[in-house]
Amino acid sequence: VPGSQADGGQSAAKTEKIRIEYWHPNAETQGGQTVEKLVNDFNAQSETVEVVARFNPDMYKGLLQNLQAEVATGKSPAVVQVGWAFLDYFSNNFDYTPPQEIIDTYFPEDKNFIKDNFLPNILDLAKNKENIQVGIPYSLSTPVLYINRDILREAGLDENGPKTWEELVAFANTIKEKTGKYGFYMQEPADNWATQALLESNGARMMTDGKASFASEEGIQAYEAYADMVVKTKSALHISWGEGVQSFIDGNVGMLFTTIAQRANVQKGAAFDVAAINAPSWQGKPKRLPAGGCFLAITAQTEEEKKAAWEFERYLYSIESIAEWTKGTGYVPPRKDVATAENGLKQFLEENKMMAAATTQMDGVVSWTSFPGDAGLQAEQVLLDTRDQILGGKVSARDGLVAAQEKINQLLSQ
Amino acid sequence: MKIRCTAELKWHVMLGLFVALSLFPIVFAISSSFKDLNEAYQHAFGLIPRNPTLGNYMQVFTRLPFLQITGNTFFIAASVTLFKTITAIFAAYAFVYFDFKYKNILYFVLISTIFIPFTVTMIPNYLTISKLGFSDKLLGVILPQLSDATGIFLIRQAMRTIPPSLIEVAKLEKTGHFKTLKDIVVPLVKPAVISSAILFFINAWNEYVWPVLILKSKEKFTLPLALQLFISAEGGTDFTIAMAVSVMTMIIPLTLYIIFQKYIINTFASSGIKG
Amino acid sequence: MKEIVFENVCKHYGKNLVVNHLNLTIRAGERLILLGPSGCGKSTTLRIISGLENISSGKLYMGGKCVNDVPSGDRNIAMVFQNYALFPHMTVEENITYGLKVHKVPKGDIEERLKSALQMLRLEGLEKRKPKELSGGQRQRVALARAVVKRSDFFLLDEPLSNLDAQLRGHARKELVKIHEMYRQTFVYVTHDQVEAMTIGDRVALMNKGVLQMVDTPDNVYNRPANVFTAKFIGAPAANVLDADYWENGLIVGKQKLLLPEMWIEQVKKSRSNEFAFGIRPEHIQLSKAPIANAFKGRVKYIENYGNRFGIYFEIEGNEIIAMADENDLSANDTVYFQPDFAKIHLFDRSTTNSIGYPKELIG
Amino acid sequence: MKEIVFENVCKHYGKNLVVNHLNLTIRAGERLILLGPSGCGKSTTLRIISGLENISSGKLYMGGKCVNDVPSGDRNIAMVFQNYALFPHMTVEENITYGLKVHKVPKGDIEERLKSALQMLRLEGLEKRKPKELSGGQRQRVALARAVVKRSDFFLLDEPLSNLDAQLRGHARKELVKIHEMYRQTFVYVTHDQVEAMTIGDRVALMNKGVLQMVDTPDNVYNRPANVFTAKFIGAPAANVLDADYWENGLIVGKQKLLLPEMWIEQVKKSRSNEFAFGIRPEHIQLSKAPIANAFKGRVKYIENYGNRFGIYFEIEGNEIIAMADENDLSANDTVYFQPDFAKIHLFDRSTTNSIGYPKELIG
Amino acid sequence: MLDFRTKEKIIAYLFILPSFTVFSLFMFWPLLRTIYLSFFSWNMIKPTKTFVGFDNYAALFKDPLTYKVMGNTLAYILILLIVNCVAPYILSFILSAVIKRGKEFYKSVIFLPSVISLVVGSILYLWILNPISGPLAIIAKMLGITLPIWSKTEGLVIVVLSIITSWKIFGYNFIVILAGVSGVSSEVIEAAKLDHVPLHRIFLDIVLPMSSATGIYVFVMTIVQGLQYVFTPIKVITQGGPDNGSSNAIYNAYQEAFVLYRTGTASAFAIVTMGLFVLLLILEFKFVERGVYYEN
Ligand SMILES: Nc1ncnc2c1ncn2[C@@H]1O[C@H](COP(=O)(O)OP(=O)(O)OP(=O)(O)O)[C@@H](O)[C@H]1O
Ligand SMILES: Nc1ncnc2c1ncn2[C@@H]1O[C@H](COP(=O)(O)OP(=O)(O)OP(=O)(O)O)[C@@H](O)[C@H]1O
Ligand SMILES: O=P(O)(O)OC[C@H](O)CO
Ligand SMILES: [Mg+2]
Ligand SMILES: [Mg+2]
């Protein structure tokens, strides 16, 4: 199979392996160990490539920040893990090579690797506005609902939890009334991921034709339902993400709406009957759940490095590696077959029932909207500020969303 | 005597409360580091772990080259402290005991840099360090931290409270600037020198934003970076392990302080130049 | 070699003229006493010599060369500061030997000088104390010891004994003179103690408000004061000075007249003035209860007992006058007669306040 | 009311016993002078009265009540510190009036006291200066002024005039006495100046190494010293004290003998000792070039000129003796004869060094 | 032969040289670059920078957020000054002049929290102060009090973040001030005590002015370092929220630069911030320094 180029590569590797950097944000609590294991295993079996993994604290934002600085010096790692939220910004500003290009040039044998192993809707997640496949999805997450069955029972509620947002509101209020505890907490990180799930599942769209459109009636209505829990009935908590999760884990909150990536954390800490269920939908409407997680992009600068980068990626995307990765992180595998394969996650998923909450709602996955252009991140921030305003009771959901939408569209049009 | 005692008692009660409050977080951290995660969540307030475990520490040690990391941190903190303290002493001395052109302007310019937010210097410094070839090197962490005028500021302030006649005595003896510094000025401003050194050490020890940018490989990590490994917004923070790392982060500065505490406090107490 | 020459030296602090056109030559190896009222510029003068204070104008020569631009360290000076300026962080011993150590004086030598200084100033046993554990007088002695161990060409002392008791002061004074006799440094010594001034000084320089008043031997300063200020300043209690007009061979004070002897009449005539200030020291006044010829008549106001002597305050024509006596049989309100010893009187021109000089018979 | 009583007061610094079982009553409104060699514990004693120093043992009463536990601020004391302790950041004026302002003394009153203090201490024109812009003597005067403006029951002064010239010192001394006469505070005054001690003091307390030696009127301290230390310490130059054995109605010094008058023989006999220390003050010695009967014979060593008097040092049987004289016709190596004025001699028991007392004829 | 005054000058420059070298490289140079960048619209990596003149500045002054952030900054400064400058000053005075026993203990214990990093502190306090389930909340619950959700309450969030920061700064400032306060000659304090000057007046009239050289240092450092220190809890706990209610000048510049990637705006903001601070320093030199007591 190997062509002349591969030969050249191999003879070079005899003398020394080519070193490439792989940047990731995975803390020890979130797959850091797995990264290390995968990289070590890869290095052990590869004769040509030596991968050096670099941890970047502060998640994808932190990683991008470091990447920014690195690129400014004229250097670049070969493979970077990019959060979905930064897809647009990344593809607009950084120099990357779509993986298929590399495959086509150097690895004809892998020609169909991507097509064969990934569902089109999953691959679409990593396409930018110009429809270029920026990278390959590496991990997927969706929001799920964690429930404290002890509290539900105490409040006389169905211990299997709510199916719809309407039910969820009722549940939350009941919990508040019956137990005095908070009924519900929805994650409040520095992004609008969960908000998107809430609004879009009700039929709203974050963006339509390149313009913000979340302040539609559906959007407003969904947000109002949520805001009412916080502001009016006080059955939902408005607090920072860390505190909210902590409060759920130590049994002060009945339901927690957050990413499946928190599964291990919740499972380890909770001392009550805890379960994860599918994200609720709005009565009679289809769910739309933004994909969390990340894709791998190749930012290698030299041809040598690009080749090495693909070799490494190909290793990471193998069934065994992806299985390993999923076990270590709690993400949903992006690749076909992994869930069912014996050498994949079959056994793992049987043992970890909570994972099912995420794996069984993949049909509802949509891409995570990131506002386009230079002002995109700023627009995102506007929506975040609006969240605080609405949940803080300063403005109504309607006024807040309408104003935010207007402001964002103004920003985007600049 | 009685009147004084009760008056003092009032102070002691207030101070005691204050001390207890300010020490609570430290005790809390230590206690949490010996709990398992479950207990940490369910019995946050129990200061004595019910099932004390070394598990958190073992995890840290198995997952990270911890001694190496501690060594790196110490090396960085010690180098930064030494360099900054010594250069600050010299600069402060020059600003107090010499007359030269633009002295005040120069001082003002140097001191103004205290006000430069680190965000201003971060990226350009990163470029400089990379160009110098110091990224992922301890030296790269050290260098930019050296430009800090706080020591000059504090030590100069202290030097200005030395009665001039003492320096005059030295002048008459033709003591020479180095000796005057070493034998007279530095001993008299020892509290300021020590406070700067402490500040430098603690800050360099805990410096986080900058090493994050510079250091890539785990063997080069510093303790605050190691701590980050156990904190994740998305995956949740492994609280008890984070506390174990935190405790280990504190341990060296705390030990150093406890060892030198008597000396430091004595220096401060006996600083009465005119006493 | 070790001469110090002030040439028109002025020193300002802001608008304050603290040393005013000082012209003074301090001879090599002499002991010059600097005297003057508090705040007159004595310490400043010492500080100028030591180079710790810049001169505002004029020139200072030391050992023959202008030292305006020579740093203090190169002037080879030992100095005792009025406020001691001890190093608070060093022990007595360290304070004393610090300068020697800096100059790498051999260890044995240091030891020896230290020992003799400690002995001379009775500081034995305090070697290991820090200044703040010393009494005021002990601190002053340490400051003195620190200067003493240094064998330098110039020795400047700013009231080095002011906080010592009489016995210790007497002792230290003698030792200082001994040291000086041995090393012959040029000594400049500020003191308020007249006995010190008289016993230590080869010459005395008297300043007032930054202006040099007189420089001469202690004897002359005392016995032939150049002006009223000098006469009044030197001697305790101060010399009595009363306004007196010359009229027909005599001095008129108020309504009383005292005939002058021939030698003084001549002197007065030379001066071409008639308005004088008449000076007489308390110890040169003999009082008599019984009336005597050619004497002033006064009334005793009060009497002070100084232990070994008495101060008798009496009044003549509205002037308060004091006389010293070893014995006393007077009491307040007694009438007394006072005839001055004409060999011991002083006459000053009232407008310039300068002495009109002394009859050549007295100068001899 | 304003009496101060020390009852067995001790003060240690570490192992150092600085005040040793002090028993002393300072009478209300009296002026007590505290005298003693440098480092003997004078300042410490003042600081004990002021409450700035804790007592190691014993009790201190002020105004009749034990003040061991009364904080300094409540003792109503004005104090002049030996090292001034001026507030360096305040001007002269602020330094002086600070205490008054804190106590909300009416403005006009403050103004007035300030003015009179400035005048009394000749500090006019320096009101706006900071201490570091003052000369040593000026600083001392500010410290004194600060204490003077305070009208308190107790007035403690620690060498308040040591850095002033004789004239100013004389003036200040008189003013202090005036103030005291006006307000009758209890005055405790530390000084090294004998004249000050004698003129200001109602009584003098003499300390040595923390032990009280004698408390009495200046006259008695001078003329009837209770022990050798007192005799030698009071008076400058110091009293001469030589070992003398009693033998057959006379005192033997070396190989010479001096017959004692009857009154002394009686006194000597009462003391039941034969070994004495014989004391005589320099000013009580009359020297004669010509031989006289019943006199010691000595040899002049050297002569010091004090301006108005002479100190004549001579030797008798290996003892150096000094005599004071107003006039001098002696020179070194002259042989002199010295007969003491027997009314002015002192005899001390050589083993206890205490005075054997004085013949009743002298005390009269 | 150089004359000695010239030689002295050369020595002076040599003494400053090491500091000056690192400052030039790592302070002045970046500063110049930042000033330069503040005139561009750029995101740090795009190959082209667009020159916009003073637009970034103009936009800043128009943006209400700027004023909000500056207002917050001021609030932080005020709280930090009270807690970390005034309070430790009073405490050091109490320890050096009022209390007789246990001084050593307090001195050493109060300093302890200073050695801890604020990242650690922030994580700790996030737990301890969790208004729903932290230890403090548990106690409050026992007392029947519901804690406000401070991290989402404007105003309160600034107070709490300041307290967290103060927890770290206090001890250090305390020992620095203590050094200054113990430097005041005891005789001078005694002189005042004799006058029966009440303690608070001794403090205000004597101790404070005489230790003001140190005081000024702590004052300036509380402002400057305090704001830089607060950055960490803001970043870890609130990310500037709620609705920028806890953002300060430093965090805002950071957010502009590294969250929103608006390098030009961030630079302009940083420069304006620095300008304000330097203005403060000039004022300090002009007015406060006058009251400061120095021996030389
Ligand atoms: N902190 C201290 N530690 C040890 N000894 C001390 C301390 N302070 C003072 N002393 C000693 O106590 C003794 C008495 O001191 P004090 O200041 O009372 O002397 P003084 O009589 O005022 O002397 P002077 O006339 O020299 O001022 C001195 O010998 C001194 O050395
Ligand atoms: N920094 C200054 N600013 C203004 N005037 C000053 C300064 N320093 C000293 N003086 C003034 O200069 C004059 C001379 O001071 P100097 O110290 O020489 O006096 P002195 O003769 O030593 O007096 P004393 O006997 O009191 O020590 C004094 O009147 C003093 O007030
Ligand atoms: O699923 P994750 O870990 O990518 O997180 C998704 C979003 O970032 C949560 O806000
Ligand atoms: Mg002087
Ligand atoms: Mg004393």
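For the numbers below, each heavy atom of this structure counts, side chains included, while hydrogens, waters and symmetry mates do not. To find a chain, count down the sequence lines: A is the first, B the second, and so on, and within it residues start at 1. Values in this document were obtained by computation on a predicted structure and should not be read as measured data.
For E:Ala12, the parts lying under 4.5 angstrom from a heavy atom of chain B are both the backbone and the side chain. Using a 4.5 Å cut-off between heavy atoms, B:Ile89 does not touch chain E at all. Neither the backbone nor the side chain of B:Phe201 comes within contact range of chain E; no heavy atom of the residue lies under 4.5 Å from a heavy atom of that chain. Proximity to chain B (any heavy atom under 4.5 Å) is restricted, for E:Lys235, to the side chain, taken from C-beta onward. In this structure, chain E has a heavy atom under 4.5 Å from the backbone of B:Asp148, while its side chain stays farther away. With a 4.5 Å cut-off on non-hydrogen atoms, B:Ile129 touches chain E through its side chain but not through its backbone. Heavy atoms closer than 4.5 Å to chain E are found in both the backbone and the side chain of B:Leu199. Contacts of B:Ala149 with chain E are made by both backbone and side-chain atoms, with heavy-atom separations under 4.5 Å. When heavy atoms are compared at a cutoff of 4.5 Å, E:Ile99 approaches chain B by way of both its backbone and its side chain. Looking at B:Leu146, the atoms closer than 4.5 Å to chain E (heavy atoms on both sides) sit in the backbone and in the side chain alike. Residue contact with chain E, scored on non-hydrogen atoms closer than 4.5 Å, involves the backbone and the side chain of B:Lys101 alike. Proximity to chain E is limited to the side chain of B:Thr128, based on heavy atoms less than 4.5 angstrom apart. For a residue to count as touching a neighbouring chain, one of its non-hydrogen atoms must lie under 4.5 Å from one of that chain's; by this rule B:Phe118 touches chain E with backbone and side chain alike. When heavy atoms are compared at a cutoff of 4.5 Å, B:Ile251 does not approach chain E at all. Contact annotation for B:Ile123: only side-chain heavy atoms (C-beta onward) come within less than 4.5 Å of a heavy atom of chain E. Looking at E:Leu118, neither its backbone nor its side chain comes within 4.5 Å of chain B, counting heavy atoms on both sides. Residue contact with chain E, scored on non-hydrogen atoms closer than 4.5 Å, involves the backbone of B:Ser196 exclusively. Proximity to chain E is absent for every atom of B:Glu207, based on heavy atoms less than 4.5 angstrom apart. At a 4.5 Å heavy-atom cutoff, the contact between E:Phe23 and chain B is made by backbone and side-chain atoms alike. Looking at E:Leu112, both its backbone and its side chain come within 4.5 Å of chain B, counting heavy atoms on both sides. Contacts between E:Ile139 and chain B at a heavy-atom distance below 4.5 Å involve the side chain alone, from C-beta outward.
Across all non-hydrogen atoms, the minimal contact from B:His12 to E:Arg101 is CE1-O, 3.1 Å. Nearest heavy-atom pair, E:Arg33 versus B:Pro124, reported as atom, atom and distance to 0.1 Å: CD-CB, 3.8 Å. When all heavy atoms of E:Ile128 and B:Pro25 are compared, the closest pair comes out as CD1-CA, 3.8 Å. When every heavy atom of E:Ser114 is checked against every heavy atom of B:Ile202, the shortest pair comes out as O-CG2, 3.3 Å. Taking every heavy atom of both residues into account, E:Trp167 and B:Ser22 meet most closely at NE1-O, 2.7 Å. In terms of heavy atoms, E:Ile123 sits closest to B:Met243 at CG2-CE, 3.9 Å.
With values rounded to the nearest 0.5 angstrom, E:Ser211 atom OG is found 11.5 Å from B:Gln157 atom CD. A distance of 7.5 Å separates OG of B:Ser112 from CD1 of E:Ile282, quoted to the nearest 0.5 Å. Here CZ of E:Phe26 is found 6.0 Å from CG of B:Asn125. Values are rounded to the nearest 0.5 Å. The distance from atom CZ of B:Phe178 to atom CD1 of E:Ile11, rounded to the nearest 0.5 Å, is 8.0 Å. With rounding to the nearest 0.5 Å, the separation of CZ in B:Phe98 from CG in E:Leu14 is 9.5 Å. E:Phe258 contributes atom CZ, which lies 7.0 Å from atom OG1 of B:Thr119 (distance to the nearest 0.5 angstrom).
With contacts defined as side-chain heavy-atom distances shorter than 4.5 Å, the pair B:Ser195/E:Tyr172 qualifies. Side chains of B:Phe90 and E:Pro18 form no contact here, defined as non-hydrogen atoms less than 4.5 Å apart. The closest side-chain heavy-atom distance from E:Met221 to B:Ile114 is below 4.5 Å. Two residues are said to be in side-chain contact when any heavy atoms from C-beta on lie closer than 4.5 Å; B:Val120 and E:Leu31 meet this criterion.
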- [ ] Would you check, one step at a time, whether the test side-chain contact (heavy atoms from CB on, under 4.5 Å) holds for B:Trp205 with E:Ser117?
- [x] CA-CA 8 Å; B:Trp205 184 269; E:Ser117 96; over 6 Å; no
Open item on the list: Pair E:Tyr125, B:Phe28 - check ring pair (Phe, Tyr, Trp, His ring centres under 6.0 Å), show working.
Closed with: CA-CA 10 Å; E:Tyr125 272 101; B:Phe28 180 76; 9.4 Å; no
TODO: Evaluate side-chain contact (heavy atoms from CB on, under 4.5 Å) for E:Ile175 paired with B:Ile198, printing each intermediate quantity in order.
DONE: CA-CA 11 Å; E:Ile175 60 163; B:Ile198 290 176; 4.2 Å; yes
Open item on the list: Let's go through B:Val19 and E:Ile110 carefully: what are the C-alpha distance in whole Å and the side-chain angles of both, what is the deciding distance for side-chain contact (heavy atoms from CB on, under 4.5 Å) to 0.1 Å, and is it a yes or a no?
Closed with: CA-CA 6 Å; B:Val19 164; E:Ile110 288 172; 4.0 Å; yes
Open item on the list: Determine whether E:Leu124 and B:Ser246 satisfy the following criterion, side-chain contact (heavy atoms from CB on, under 4.5 Å), listing intermediate values before the conclusion.
Closed with: CA-CA 10 Å; E:Leu124 270 170; B:Ser246 300; over 6 Å; no
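Ranked by heavy-atom pairs shorter than 4.5 Å toward chain B, the options E:Ile94, E:Val188, E:Ile250 are led by E:Ile94. Counting heavy-atom pairs under 4.5 Å between each of E:Val181, E:Leu136, E:Val278, E:Ile116 and chain B puts E:Ile116 at the top. Here E:Ile216 is the residue among E:Leu25, E:Thr214, E:Ile138, E:Ile216 with the most heavy-atom pairs under 4.5 Å with chain B. Ranked by non-hydrogen atom pairs under 4.5 Å with chain B, the options E:Leu91, E:Val120, E:Thr21 are led by E:Val120.
With B:Phe18 as the fixed residue, the ring pair (Phe, Tyr, Trp, His ring centres under 6.0 Å) test singles out one of E:Phe170, E:Phe174, E:Tyr106: E:Phe170. Screening B:Thr113, B:Val109, B:Leu110 for a side chain to side chain contact (heavy atoms under 4.5 Å, CB included) involving E:Met27 leaves a single residue, B:Thr113.
Contacts between residues 263-276 of chain E and chain B, defined by a heavy-atom separation under 4.5 Å, are made by E:Ala270, E:Met274. Within residues 222-232 of chain E, the residues approaching chain B closer than 4.5 Å by heavy atoms are, in numerical order, E:Val224, E:Gln225, E:Gln228, E:Tyr229, E:Phe231.
Counting heavy-atom neighbours within 6.0 Å of B:Phe260 CZ, excluding the residue itself, gives a total of 12 or less. Atom OH of B:Tyr257 is surrounded by more than 12 heavy atoms from other residues, nucleotides or ligands within 6.0 Å. Heavy atoms from other residues, nucleotides or ligands lying under 6.0 Å from NZ of B:Lys103 number more than 12.
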